[in-house]
Amino acid sequence: MPRAKPPTRPDRTFSRSSVHGQVAHEIGLKIVRGELAPGSFLPTEEELSARLGVSRTALREAIKLMAAKGLVQSRRKAGTRVRPRSEWNMLDPDMLAWQLAAAPAERFVKDLFELRLMIEPQGARLAALRRTDEDLARLKDAYAGMAAAGNDADRWEEPDMRFHQSLLSATHNELMEPLGALIETALAMGFRLSNASPGGPRHALEMHKAILDAVVAGDGEGAHRRMVELLDNTMIDVHRALDWARNQPGAPDPIEAALSASLRRG
């Protein structure tokens, strides 16, 4: 039976065009920024709805959304309490966006690339040893998409995502594949930040080709090594983009671009 194509875009947990989505975004940011500390209680429903100018129904829906992300816990008569940070769903798409908006960029980049280095090089190794002809066809198609995109970062992002997700899918590990979908928003943010580097993303094409060649050759160690090289260079690109934006008056802020992209609703 043909294997399902790996997903290329995460499902969004709420729409910010809705009132309760806007409320969840506003309160969620306050929690992630530390303005509402873990262990503290939110104002009463009556007070909070009046302060935000929304109905109690919209507020309740917002609280439900935040509870699903592990941010808060509501108990009858006790109120709504902010949960410990260790219980937050950090890989939730909206949580990632709030972290990017709230935390220092350098900390987010460090955490993101530590996560990727723990997952993707080993994924590339397993993909080289286990890939099927169908897996190779997907990888080659994704690589061709990157080559066709040139230095157009907007066109590059989708095939770049497919390439990395297809590698994880090619491991044929039933736990690794859904992990790829789980971290997809983190990957997308990383791509957005690295592609904002002066010179565009095309210089990374050769490194992707080296990974592809190693997978085609069944060279697990080579695929692992090439993925580590790619991630190391991508992290340098992210820092270069951040430094460049800081030193160029009027330059688009790559953090804002990544945040806007992650919150965009299709």
Taking every heavy atom of Ala127 against every heavy atom of Val215, the minimum-distance pair comes out as O-CG1, 4.0 Å
If you round to the nearest 0.5 Å, how far is CE of Met235 from CZ of Arg116?
10.5 Å
What pair of heavy atoms forms the shortest contact from Arg83 to Pro38, and how long is it?
O-CB, 3.6 Å
Ignoring hydrogens, what is the shortest heavy-atom contact between Ala62 and Ala24? Give both atom names and the distance.
CB-N, 3.7 Å
side-chain contact (heavy atoms from CB on, under 4.5 Å) partners of Lys209, counting only residues at least two apart
Tyr143, Leu212, Asp213
As an exercise, state the distance from CD1 of Ile211 to CG of Leu167, rounded to the nearest 0.5 Å.
6.5 Å
Please find the pair of heavy atoms, one from Leu139 and one from Ser166, that lie closest to each other, and give the distance.
CD2-CB, 3.9 Å
Is there side-chain contact between Asp232 and Ile236, with at least one heavy-atom pair below 4.5 Å?
no
With rounding to the nearest 0.5 angstrom, report the CG to NZ distance, Leu59 to Lys64.
11.5 Å
Give, for atom OG1 of Thr80 and atom CZ of Arg60, the distance between the pair rounded to the nearest 0.5 Å.
10.5 Å
With the 4.5 Å side-chain cut-off for hydrophobic clustering, are Val228 and Leu129 part of the same group?
no
Side chains of Trp98 and Lys69 in contact at under 4.5 Å (non-hydrogen atoms)
yes
Quick one: CG on Asp92 to CG on Leu71, what's the gap to the nearest 0.5 Å?
8.5 Å
Just distance, no hydrogens or angles: give the donor-acceptor pairs under 3.5 Å from side chains in residues 50-57, sequence neighbours left out.
unit_1 : atom_1 : unit_2 : atom_2 : d
Arg51  : NH2    : Glu47  : OE2    : 2.6
Ser55  : OG     : Ala58  : N      : 3.1

When clusters are formed by joining ILVMFWY residues with side-chain heavy atoms under 4.5 Å apart, either directly or through shared neighbours, do Trp88 and Phe41 land in the same one?
no
Would Arg162 and Glu158 satisfy salt bridge (charged side-chain N to carboxylate O under 4.0 Å, His left out), going step by step from the backbone distance to the final call?
CA-CA 6 Å; Arg162 279 195 287 118; Glu158 190 274 334; 2.7 Å; yes
Looking at side-chain heavy atoms only, is the closest gap between Leu65 and Val23 below 4.5 Å?
no
Could you pull out the closest heavy-atom pair between Gly123 and Met176, with the gap in Å?
CA-CE, 4.2 Å
Under 3.5 Å, is there a donor on one side chain and an acceptor on the other for His203 and Asp237?
yes
Is the closest side-chain donor-acceptor distance between Thr132 and Asp135 under 3.5 Å?
yes
Arg125 vs Glu120 side-chain heavy atoms within contact, under 4.5 Å:
no
Looking at the rings of His25 and His20, which for Trp means the six-membered one, are their centres under 6.0 Å apart?
no
Grab the two heavy atoms, one from Ala214 and one from Ala223, that are nearest each other, plus how far apart they are.
CB-N, 3.5 Å
Does any part of the side chain of Gln122, heavy atoms only, come nearer than 4.5 Å to the side chain of Asn173, both counted from C-beta?
no
When rounded to the nearest 0.5 angstrom, what distance separates CD in Glu114 from CE in Met118?
6.5 Å
For Arg81 and Gln73, does a side-chain donor sit closer than 3.5 Å to a side-chain acceptor?
yes
